[in-house]
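Heads up, the thing below is written out as structure tokens.
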Amino acid sequence: MSLTFIGDVHGWSQRLDAVVAQAEGQLVLMGDLIDRGPDAPGVLDRVRALCEAGKARCLLGNHEYAMLRAVGAPSITLEADPGWFELWRDRHGGKAVLKSYRADDARTLRRALGADLIAWLARLPWCLEGEGWIAVHASLRPDEPVAAQLELLRDGWRHLRDVPDHLYDKAHVLEVPPDFPEGVVLVSGHVPLPQVHISAQRILCDTSGGLPNRRLSGVIWPEGRIVTS
């Protein structure tokens, strides 16, 4: 059956609606739902509703990771970290989220998001797997066995690193590990490209980067047809 991989939405709800309207099968979102764009609440509400209805699955992106490090997540015993708040606000585009939720600091944002939404974000998986595909937000490391990496990613928060490679790495995005299984494609977002990259073992589908005047892209798989906002 077809499914549609969708790149990083970054708070642009109209772009998301345009791609979803053209999508086929279940949606698989690459994460980075928030930051930079003007409507993080609308995007989070839409994606959460789609996931809870069984119509979508969504990865944790590095932008959700950073915000959760900033505001904390009691459901996974994650304490709010002031250093991460500054990093998220100033380097990840978090000011757009603060503005959209009318919040000034971690405490007021935590209250505006609400405990249920924070817990939902904290439950987002660090990897997704299906027949013939594996999705991670950024990449897999080329110097570690794939099976060992996937074992860690299936319970990502337990193996917390300050800057997790699988969410942040840009150096190896065009690579797949040497032991990556044949006949399987590795799918990611994270790195904004001028157009979707599709090869036998790699799909990169972030063409927006959350920037103005850019298009959000989706890839209908296994056909390989590209849809854009």
Side-chain angles (χ1 to χ4, degrees), residues 1-10 12 15-16 18-33 36 47 55-65 124-154 156 163-211 213-229:
M1 294 180 63
S2 295
L3 54 84
T4 303
F5 300 115
I6 298 178
D8 304 17
V9 182
H10 279 302
W12 294 90
R15 296 177 187 177
L16 175 62
V19 171
V20 169
Q22 302 171 74
E24 296 181 11
Q26 189 178 57
L27 311 177
V28 181
L29 291 103
M30 295 299 109
D32 283 3
L33 303 178
R36 299 180 182 155
V47 174
K55 297 178 180 179
R57 302 166 73 187
C58 182
L59 287 167
L60 181 81
N62 64 298
H63 287 256
E64 288 83 37
Y65 172 88
L124 291 177
W126 292 47
C127 68
L128 288 169
E129 301 165 75
E131 186 175 352
W133 60 271
I134 296 170
V136 298
H137 177 65
S139 67
L140 293 176
R141 292 180 57 90
D143 57 346
E144 294 180 4
V146 170
Q149 293 185 69
L150 293 177
E151 184 177 354
L152 294 179
L153 289 171
R154 290 176 188 130
V163 183
D165 295 337
H166 305 89
L167 301 181
Y168 277 91
D169 178 49
K170 293 186 177 180
H172 304 103
V173 294
L174 289 174
E175 303 176 37
V176 296
D179 64 335
F180 195 75
E182 292 187 12
V184 178
V185 63
L186 177 62
V187 189
S188 300
H190 187 55
V191 178
L193 302 174
Q195 58 188 16
V196 170
H197 170 86
I198 301 177
S199 65
Q201 285 195 298
R202 198 71 173 106
I203 294 175
L204 295 167
C205 56
D206 179 18
T207 56
S208 162
L211 302 175
N213 304 314
R214 298 285 289 269
R215 292 182 179 271
L216 178 67
S217 294
V219 178
I220 297 174
W221 191 84
E223 179 183 348
R225 179 159 51 89
I226 298 168
V227 295
T228 63
S229 59

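The basis for the numbers below is simple: all heavy atoms, side chains too, and nothing from hydrogens, waters or symmetry mates.
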query: Does the side chain of Ser139 come within less than 4.5 Å of Arg202's, by heavy atoms?
result: yes
statement: Smallest heavy-atom separation, Glu129 atom then Cys127 atom, equals OE2-SG, 4.0 Å
query: Would a 4.5 Å heavy-atom cut-off, applied to side chains only, mark Val47 and Leu16 as touching?
result: yes
field: Side chain proximity check, Val136 to His190, heavy atoms < 4.5 angstrom
entry: no
task: Would you please name every residue forming a side chain to side chain contact (heavy atoms under 4.5 Å, CB included) with Pro192, sequence neighbours left out?
output: Asp206, Arg214
- request: Measure from the side-chain N and O atoms of Gln26 to the backbone N and O of Lys55, and report whether any donor-acceptor pair falls under 3.5 Å.
  value: no
- prompt: Who are the salt bridge (charged side-chain N to carboxylate O under 4.0 Å, His left out) partners of Glu151, not counting sequence neighbours?
  reply: none
message: Would the distance check show the side chain of Ser229 and the main-chain N or O of Leu216 forming a donor-acceptor pair, the cut-off being under 3.5 Å?
response: yes
- request: Using the test side chain to side chain contact (heavy atoms under 4.5 Å, CB included), find all partners of Thr207 that sit at least two apart in sequence or belong to another chain.
  value: Val196, Ser217
query: Of all residues at least two apart in sequence or in a different chain, which pass the salt bridge (charged side-chain N to carboxylate O under 4.0 Å, His left out) check with Arg215?
result: none
- prompt: For the atom pair CG (Leu59) and CD (Glu64), what is the distance rounded to the nearest 0.5 Å?
  reply: 9.5 Å
Student check: side-chain heavy atoms of Val187 and Trp221 closer than 4.5 Å: no
Closest approach of Cys58 to Pro125 (non-hydrogen atoms, all atoms of both residues): O-CD, 3.1 Å
query: Would the number of heavy atoms belonging to other residues, nucleotides or ligands and lying under 6.0 Å from CD of Gln195 be above 12?
result: no
Spatial distance of atom CG (Leu153) from atom CG (Leu167) [nearest 0.5 Å]: 7.5 Å
message: Using a 3.5 Å distance criterion without hydrogens, assess whether the side chain of Glu24 forms a donor-acceptor pair with backbone atoms of Met1.
response: no
query: Nearest 0.5 Å, what's the SG-NE2 distance between Cys205 and His197?
result: 11.5 Å
- request: Applying side chain to side chain contact (heavy atoms under 4.5 Å, CB included), name anything that partners Val191, two or more places apart in sequence or on another chain.
  value: Lys170, Val173, Leu193
message: Within this structure, what is the CG-OH distance for the pair Leu60 and Tyr65, rounded to the nearest 0.5 Å?
response: 9.0 Å
query: So with a 6.0 Å cut-off around CD of Glu131, is the heavy-atom count from everything else above 12?
result: no
field: Closest heavy-atom pair and its distance - Asp8, Met30
entry: OD1-CB, 3.8 Å
- prompt: What are the two closest heavy atoms between Pro142 and Pro178, and how far apart are they?
  reply: O-CD, 3.4 Å
Audit row: Ile134, Phe180, side chain to side chain contact (heavy atoms under 4.5 Å, CB included) steps and yes/no: CA-CA 10 Å; Ile134 296 170; Phe180 195 75; 4.0 Å; yes
- prompt: Judged by atom type as modelled, is there a donor-acceptor pair below 3.5 Å linking the side chain of Glu223 to the main-chain atoms of Ser2?
  reply: no
- request: Please identify each residue that fulfils salt bridge (charged side-chain N to carboxylate O under 4.0 Å, His left out) with Glu182, with sequence neighbours left out.
  value: none
- request: Verify, without hydrogens or angle tests, whether Arg57 (side chain) and Val28 (backbone) share a donor-acceptor contact under 3.5 angstrom.
  value: no
- prompt: Out of curiosity, Thr228 OG1 to Gln22 CD, how far, rounded to the nearest 0.5 Å?
  reply: 6.0 Å
message: Quick one: does any side-chain atom of Asp32 pair with a main-chain N or O of His10 as donor and acceptor, under 3.5 Å?
response: no
- prompt: Are any side-chain N or O atoms of Trp12 and backbone N or O atoms of Gly210, one a donor and one an acceptor, separated by less than 3.5 Å?
  reply: yes
- request: Output yes when a side-chain donor or acceptor of His166 lies under 3.5 Å from a complementary backbone atom of Leu140, and no otherwise.
  value: no
field: Main-chain N/O of Arg141 paired with Gln149 side-chain donor or acceptor, under 3.5 Å
entry: yes
query: From Thr4 OG1 over to Leu27 CG, what is the distance, rounded to the nearest 0.5 angstrom?
result: 6.0 Å
query: Does some side-chain heavy atom of Val163 sit less than 4.5 Å from a side-chain heavy atom of Asn62?
result: no
